[in-house]
**Student:** 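This is the structure I want to talk about, given as structure tokens.
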Amino acid sequence: MNMEYVTFKENGTVQEEIKKSKFICHVKRVSSEEEARDFINAIKKEHYKATHNCSAFIIGEQSDIKRTSDDGEPSGTAGVPMLGVLENHRITNSCVVVTRYFGGLIRAYAGSVAKAVREIGLVEIKEQVVLGITLSYSQYQEFANFLKDHQLAEQDPMFTDQVMTTIFVDKENTSSITAALVEFYNGKVIIEDHGIREVEVPRLSVEK
């Protein structure tokens, strides 16, 4: 199965104050509904004095499970807008809890999640083919040009009597990149397929 989805770059919290009301958005990457609910309960326990702890989460590579909670706010005014931010960015396998202290604007719930998206950042989880490449030092001097032309980045180069480096390539592009390497080096290049690996690719968030 071709796995590809977007989630938060890392777990974290983002805080802001709006009209004397404090909002804390807690973010956690999760892989099951049980894990999401454990996280929500942990935040509720930690912030038991808060006015509300509203939540939303999406689970599954196809966003199969979606849940929200307004935690006492008027129905549909907190959890659903928070879920909407996750949906707008195609975020899954993530849980967000917004802790609200005192009064404030209800629309700030979605704003807190959007702020977390901007500040914590997103990554795209995808499966890519790992290609090991062996080059001479003179060949390696030109390798940066190849990477730039094909918008690729190398990983963990090793320098011995030769240079052994690695690139991650989308599965559907493996053949074309391999052919391009062979052409670039006039057939004098060693390329090894090291199989498929799950990688996290930084994703530029869009204001939504």
Side-chain angles (χ1 to χ4, degrees), residues 1-14 26-32 35-36 39 57-65 85-96 114-208:
M1 182 176 64
N2 186 22
M3 179 183 66
E4 187 171 320
Y5 63 92
V6 176
T7 190
F8 282 94
K9 180 180 178 181
E10 58 190 1
N11 301 335
T13 60
V14 172
H26 314 267
V27 170
K28 183 175 176 63
R29 290 167 55 161
V30 294
S31 57
S32 68
E35 190 178 356
F39 175 61
F57 61 83
I58 302 178
I59 305 293
E61 292 164 26
Q62 304 299 321
S63 302
D64 307 300
I65 301 172
V85 176
L86 300 181
E87 291 175 327
N88 285 343
H89 290 279
R90 298 194 301 113
I91 298 170
T92 190
N93 286 358
S94 298
C95 179
V96 291
K115 183 179 174 68
V117 169
R118 293 192 301 270
E119 295 194 5
I120 294 176
L122 303 175
V123 291
E124 188 169 6
I125 308 295
K126 60 196 312 184
E127 290 179 340
Q128 291 186 313
V129 174
V130 183
L131 295 180
I133 304 165
T134 302
L135 303 168
S136 68
Y137 277 84
S138 60
Q139 287 177 316
Y140 186 69
Q141 291 178 357
E142 302 297 324
F143 191 51
N145 293 330
F146 179 85
L147 295 175
K148 182 178 179 181
D149 289 343
H150 294 274
Q151 297 182 320
L152 297 169
E154 68 173 329
Q155 306 286 333
D156 305 321
M158 294 178 59
F159 302 93
T160 55
D161 57 325
Q162 295 177 303
V163 182
M164 291 174 286
T165 188
T166 303
I167 59 175
F168 294 161
V169 180
D170 289 344
K171 288 185 284 186
E172 62 270 21
N173 296 335
T174 305
S175 297
S176 61
I177 292 297
T178 299
L181 271 167
V182 171
E183 181 180 359
F184 188 78
Y185 287 113
N186 297 316
K188 298 178 180 180
V189 60
I190 298 174
I191 307 169
E192 297 176 293
D193 186 332
H194 292 311
I196 295 173
R197 183 181 302 176
E198 180 181 306
V199 299
E200 298 187 5
V201 181
R203 182 183 178 91
L204 296 177
S205 60
V206 179
E207 291 286 343
K208 288 187 179 179

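Computation of the quantities below employed the complete heavy-atom set of this structure, encompassing side-chain atoms and omitting hydrogens, waters and symmetry-equivalent molecules.
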**Student:** Can you measure from CG (Leu131) to OG1 (Thr166) and round to the nearest 0.5 angstrom?
**Tutor:** 9.0 Å

**Student:** Once you round to the nearest 0.5 Å, how far does CD1 of Ile120 lie from NZ of Lys9?
**Tutor:** 10.5 Å

**Student:** I'd like to check Val6 versus His89 (side-chain heavy atoms, cut-off strictly below 4.5 Å). Are they in contact?
**Tutor:**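 Counting from C-beta outward, Val6 and His89 never come under 4.5 Å.
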
**Student:** Is the ring centre of Tyr140 less than 6.0 Å from the ring centre of Phe159?
**Tutor:**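 Centroid distance Tyr140-Phe159: below 6.0 Å, so yes.
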
**Student:** Is the shortest side-chain heavy-atom distance between Phe184 and Glu142 below 4.5 Å?
**Tutor:** yes

**Student:** Distance from Ser136 atom OG to Lys188 atom NZ, nearest 0.5 Å?
**Tutor:** 10.0 Å

**Student:** Looking at side-chain heavy atoms only, is the closest gap between Ile125 and Glu198 below 4.5 Å?
**Tutor:**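 Yes, close enough: below the 4.5 Å cut-off.
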
**Student:** Would you say that Ile59 contacts Asn93 through its side chain, given a criterion of any heavy-atom pair below 4.5 Å between the two side chains?
**Tutor:**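 Counting from C-beta outward, Ile59 and Asn93 do come under 4.5 Å.
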
**Student:** Quick check against the 3.5 Å criterion: does Glu35 have a side-chain atom that pairs as donor or acceptor with the backbone of Ser31?
**Tutor:** yes

**Student:** Does the pair Asp161 and Tyr137 meet the rule for a side chain to side chain contact (heavy atoms under 4.5 Å, CB included), with working shown?
**Tutor:** CA-CA 8 Å; Asp161 57 325; Tyr137 277 84; 5.9 Å; no

**Student:** Rounded to the nearest 0.5 Å, what separates atom CD1 in Ile177 from atom CD1 in Ile133?
**Tutor:**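 If we round to the nearest 0.5 Å, Ile177:CD1 and Ile133:CD1 are 9.5 Å apart.
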
**Student:** Would you indicate whether the side-chain heavy atoms of Phe57 and Leu86 approach each other to under 4.5 Å?
**Tutor:**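 Of all side-chain heavy-atom pairs linking Phe57 with Leu86, none is under 4.5 Å.
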
**Student:** From Ile196 CD1 over to His194 NE2, what is the distance, rounded to the nearest 0.5 angstrom?
**Tutor:**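 Ile196 atom CD1 to His194 atom NE2 measures 14.0 Å (nearest 0.5 Å).
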
**Student:** Compare all side-chain heavy atoms of Arg29 with those of Asn11 and state whether any distance is below 4.5 angstrom.
**Tutor:**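 They are in side-chain contact.
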
**Student:** Could you walk me through whether Ile167 and Phe143 pass the side chain to side chain contact (heavy atoms under 4.5 Å, CB included) check?
**Tutor:** CA-CA 11 Å; Ile167 59 175; Phe143 191 51; 4.0 Å; yes

**Student:** For Gly60 versus Thr92, what's the shortest heavy-atom pair and its separation?
**Tutor:**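 For Gly60 and Thr92, the tightest heavy-atom pair comes out as O-OG1, 2.6 Å.
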
**Student:** So which heavy atom on Ala116 is nearest to which on Val27, and how close?
**Tutor:**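 Heavy atoms only, the tightest pair is CB-CG2, 3.8 Å.
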
**Student:** How close do Ser94 and Thr7 get, heavy atom to heavy atom, and via which atoms?
**Tutor:**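 Here Ser94 and Thr7 meet closest at OG-OG1, 2.7 Å.
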
**Student:** Can you see which heavy atom on Leu181 is nearest to which on Ile191, and at what distance?
**Tutor:**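 Nearest pair, atom of Leu181 first, then Ile191: CB-CD1, 3.7 Å.
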
**Student:** Taking atom CZ of Phe168 and atom NZ of Lys126, what is their separation to the nearest 0.5 Å?
**Tutor:**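 Nearest 0.5 Å value for the CZ-NZ distance: 12.5 Å.
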
**Student:** Evaluate the side chain to side chain contact (heavy atoms under 4.5 Å, CB included) criterion for residues Gln128 and Asp170: first the C-alpha distance (whole Å), next the side-chain angles of each, then the deciding distance (0.1 Å), finally the verdict.
**Tutor:** CA-CA 5 Å; Gln128 291 186 313; Asp170 289 344; 2.7 Å; yes

**Student:** Locate the shortest heavy-atom distance separating Cys95 from Phe39; write the atom from each residue and the value.
**Tutor:** SG-CD2, 3.7 Å

**Student:** At their closest point, which heavy atom of Val189 faces which heavy atom of Thr134, and how far apart are they?
**Tutor:** CG2-O, 4.0 Å

**Student:** With a 4.5 Å cut-off on side-chain heavy atoms, are Leu122 and Val117 touching?
**Tutor:** yes

